[in-house]
Amino acid sequence: MALRFVSKSLARGHRRFAPTAKSMSTVVGYGDFPGGQKVPYVNKLTVVDPKEKDVIPAYRVLDQQGKIVEGGSLPEGLNEELVVDLYKNMVRLNQMDNVFYDAQRQGRISFYMTAFGEEGTLFGSAAGIKPRDMVFAQYREAGVLMWRGFTLDQFADQLFSNEDDLGKGRQMPVHYGSRELNYQTVSSPLATQLPQAAGAAYGFKLAKEDRISICYFGEGAASEGDFHAALNFAATRDCPVLFFARNNGYAISTPVKDQFRGDGIASRGAGYGIPVIRVDGNDIFAVYEVTKKARELIMTEGRPVLIETMSYRQGHHSTSDDSTRYREVSEIKFWKDTNCPLTRLKLFMLEKGWWSEERDVSLKDTERTNVLQSLAKAEAKGIPHISTMFNDVYKEKPRHIQEQEQEMLEHLAKYPDHYSSTGH
Ligand SMILES: Cc1ncc(C[n+]2csc(CCOP(=O)(O)OP(=O)(O)O)c2C)c(N)n1
């Protein structure tokens with residue numbers, strides 16, 4: 001197996017920054033600082049410049065032509081059935097993204113975000129954890145929820161904020177959640193889920209539960225203060241949490257060169273004493289394997305792990321964004337043509353005889369039809385009763401909120417013609 005852990009050298013900051021032979025400095029003693037920090041004293045002023053450090057490599061199993069790389073092999077646990085199932089789910093997500101993106105363009109839903117280009121990252125990691133593990137998502141991780149069994153009808157109900165939406169129609173589209181599927185409800189403020197994931201994991205540890213938190217976030221979100229709080233908290237409390245950074249090159253219009261100057265997100269793990277793995281995010285096999293490995297390490301060593309997937313956001317940031325305003329169409333085309341996670345997996349399956357072009361065409365048609373059916377059903381359903389918007393602000397409805405509800409109902413009774421009871 002080609003996967004090797006670099007955790008030891010990365011996690012121990014003092015070793016990593018020990019003077020190199022090149023600097024010709026000599027160790028002239030050691031300082032024993034509180035907490036077991038043993039720091040060598042040297043006789044030459046040394047500036048530690050991260051520019052001189054090697055770039056953390058990304059693990060890869062499948063190359064861009066869909067072939068297993070030299071010295072690599074299909075990760076343990078992956079067989080024909082599971083691989084085909086993963087691919088089918090990637091196609092389903094793709095069709096869902098196509099249909100709902102268009103539905104937003106037609107004004108039928110108010111907002112949408114696609115996950116084009118990150119399907120390998122989502123399904124590879126989703127398959128690498130256990131159903132009991134608690135997911136804390138950012139917003140571009142619908143594939144993880146799909147893998148856990150969230151149905152197209154459930155996605156559509158949330159997108160239309162209808163009466164069957166588990167979130168009772170209160171949040172913007174794509175803010176999914178499912179208590180049953182251990183998927184915490186998405187909220188818009190970036191990175192707030194990171195310390196929450198660490199806290200939940202701490203709870204699992206105290207309760208001696210056999211589960212971890214997995215926390216997804218973009219490389220842009222990693223610039224938030226909450227990222228730093230979460231990693232430090234998780235490291236110092238030894239929380240069983242998997243931090244999963246999706247580095248797709250952009251945070252809306254901000255390219256990574258304006259987001260950070262270090263070696264991506266992975267290089268930050270060392271500073272917190274957290275083992276890291278960087279992986280080719282367009283290679284679903286590699287993502288699956290590193291996620292499984294990380295989970296194992298978290299459970300056996302009782303400490304957090306950080307994974308960084310390297311991929312590319314092929315779609316616009318959201319339906320409110322036209323990404324050709326800040327990046328070349330040729331760049332997007334390049335990634336789609338040469339490094340698409342679906343194409344890579346499909347080429348592999350075709351070569352193995354696990355798949356055919358005919359099955360591919362028919363699957364895409366079927367999934368598109370399924371999504372269109374769910375969309376039509378969700379669109380035809382009613383919206384939650386207006387009074388329900390006063391529920392759940394607190395567990396019990398306090399007097400002042402009851403009064404506001406009453407006031408609203410009286411207002412509606414007085415001016416019934418000015419309000420629709422079917423739309424938002
Ligand atoms: C605290 C906060 N600041 C700003 C925003 C606006 N915002 C929404 S998404 C986004 C970019 C996030 O990029 P990244 O984390 O890289 O994820 P990606 O969209 O690339 O998947 C920003 C700035 C927000 N939602 N919350």
Side-chain angles (χ1 to χ4, degrees), residues 90 93-94 96-97 100-101 104 110-126 135-146 167 170-177 183-197 214-231 242-268 278-279 281-282 287 306-327 331-332 335-336 339-341:
M90 288 163 97
L93 176 65
N94 246 229
M96 182 171 102
D97 280 352
F100 284 116
Y101 182 83
Q104 194 284 334
S110 60
F111 180 75
Y112 195 70
M113 294 176 114
T114 65
F116 296 131
E118 296 186 62
E119 300 87 351
T121 285
L122 302 178
F123 290 105
S125 60
V135 177
F136 290 79
Q138 181 158 310
Y139 47 59
R140 214 181 288 288
E141 296 89 1
V144 177
L145 193 53
M146 186 176 271
R170 291 168 188 162
Q171 288 214 84
M172 281 174 75
V174 313
H175 290 53
Y176 312 113
Y183 193 97
Q184 295 281 327
T185 304
V186 168
S187 66
S188 297
L190 290 173
T192 49
Q193 78 276 22
L194 278 100
Q196 294 163 5
I214 177 166
C215 185
Y216 293 88
F217 53 98
E219 87 289 341
S223 295
E224 288 287 345
D226 274 347
F227 166 89
H228 305 278
L231 268 75
L242 174 50
F243 293 109
F244 197 101
R246 298 181 292 97
N247 184 347
N248 61 17
Y250 291 90
I252 313 185
S253 58
T254 307
V256 288
K257 73 171 171 38
D258 293 327
Q259 191 68 249
F260 49 69
R261 281 295 149 91
D263 179 17
I265 310 304
S267 67
R268 296 182 196 169
R278 177 174 274 165
V279 61
N282 299 321
V287 176
L306 168 64
I307 287 178
E308 181 181 22
T309 55
M310 306 303 291
S311 66
Y312 183 78
R313 198 194 76 213
Q314 285 181 11
H316 301 301
H317 170 72
S318 71
T319 47
S320 309
D321 171 53
D322 170 7
S323 65
T324 61
R325 298 286 296 270
Y326 52 82
R327 61 182 185 179
E331 177 189 301
I332 306 170
W335 281 90
K336 278 189 183 166
N339 212 341
C340 173

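In listed order, ligands and their atoms are each counted from 1. What's counted below: heavy atoms across the whole structure, side chains too, no hydrogens, waters or symmetry copies.
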Participant: In Å and rounded to the nearest 0.5 Å, what is the CD to OG distance from Gln259 to Ser223?
Facilitator: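 One gets 3.5 Å once the value is rounded to the nearest 0.5 Å.
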
Participant: How close do Thr121 and Arg246 get, counting heavy atoms only, and between which atoms?
Facilitator: CG2-CG, 4.0 Å

Participant: Rounded at 0.5 Å granularity, tell me how far CZ in Phe136 sits from OG in Ser187.
Facilitator: 11.0 Å

Participant: With a 4.0 Å cut-off on heavy atoms, is Tyr139 touching ligand 1?
Facilitator: yes

Participant: Please could you name the atoms of ligand 1 that Asn248 approaches to less than 4.0 Å, counting only its heavy atoms?
Facilitator: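 Near Asn248, meaning under 4.0 Å from one of its heavy atoms, ligand 1 has 18 (P), 20 (O), 21 (O).
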
Participant: So for ligand 1, is Ala221 a polar contact partner (N or O within less than 3.5 Å, distance only)?
Facilitator: yes

Participant: Number the atoms of ligand 1 from 1 as they appear, then name those within less than 4.0 Å of a heavy atom of Glu224, with their elements.
Facilitator: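 Those atoms are 1 (C), 2 (C), 3 (N).
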
Participant: So, for Ala222 and Arg268, which heavy atoms are closest and what is the spacing to 0.1 Å?
Facilitator: O-NH1, 3.0 Å

Participant: For Arg246, counting its heavy atoms only, list the atoms of ligand 1 lying under 4.0 Å from any of them.
Facilitator: 21 (O)

Participant: Taking Arg140 for its side chain and Thr114 for its backbone only, find out whether a donor-acceptor pair lies under 3.5 Å.
Facilitator: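 Yes, because the side chain of Arg140 sits within donor-acceptor range (under 3.5 Å) of the backbone of Thr114.
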
Participant: Taking all heavy atoms of Met96 and all of Tyr112, pick out the closest pair and write down the distance.
Facilitator: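 Minimum heavy-atom separation between Met96 and Tyr112: CE-OH, 3.6 Å.
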
Participant: Which of the atoms in ligand 1, numbered in the order shown and given with their element, are less than 4.0 Å from a heavy-atom of Gly220?
Facilitator: 14 (P), 15 (O), 16 (O)

Participant: Do any N/O atoms on Glu118 end up under 3.5 angstrom from N/O atoms on ligand 1?
Facilitator: no

Participant: Taking N or O atoms only and a 3.5 Å limit, does Pro189 qualify as a polar contact for ligand 1?
Facilitator: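 No, there is no polar N/O contact under 3.5 Å.
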
Participant: Heavy-atom distances under 4.0 Å are what count here, so tell me which part of Arg140 touches ligand 1: side chain, backbone, both or neither.
Facilitator: side chain

Participant: Short N/O distance, under 3.5 Å, between Gln138 and ligand 1?
Facilitator: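 Indeed, backbone or side chain, Gln138 has an N or O that close.
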
Participant: Checking side-chain contact (heavy atoms from CB on, under 4.5 Å) between Thr254 and each of Ile252, Asp258, Val256, which is the one that passes?
Facilitator: Asp258

Participant: Does ligand 1 come near enough to Leu190 that some N or O of the ligand is less than 3.5 Å from an N or O of the residue?
Facilitator: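 Yes, since at least one N or O of Leu190 sits under 3.5 Å from an N or O of ligand 1.
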
Participant: With distance as the sole criterion, is a donor-acceptor pair present between the side chains of His317 and Ser323 under 3.5 Å?
Facilitator: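 Side-chain D/A pair, His317 to Ser323: absent.
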
Participant: Please state which part of His317 comes within less than 4.0 Å of ligand 1, counting heavy atoms only: side chain, backbone, both or neither.
Facilitator: side chain

Participant: Could you tell me, atom by atom, which parts of ligand 1 come under 4.0 Å of a heavy atom of Gly218?
Facilitator: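 Checking each atom against Gly218, I get 14 (P), 15 (O), 16 (O), 17 (O).
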
Participant: Do Tyr183 and Glu141 have side-chain N/O donor and acceptor atoms under 3.5 Å apart?
Facilitator: no

Participant: Tell me: protein heavy atom nearest atom 11 (C) of ligand 1, and distance?
Facilitator: Ile252 CG1, 3.6 Å

Participant: Nearest 0.5 Å, what's the NZ-CD distance between Lys336 and Gln314?
Facilitator: 6.0 Å

Participant: Of all the heavy atoms in Met113, does at least one lie under 4.0 Å from an atom in ligand 1?
Facilitator: no

Participant: What atoms of ligand 1 come closer than 4.0 angstrom to any heavy atom of Ser188?
Facilitator: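 Taking each heavy atom of Ser188 in turn, ligand 1 has 24 (C), 25 (N), 26 (N) under 4.0 Å.
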
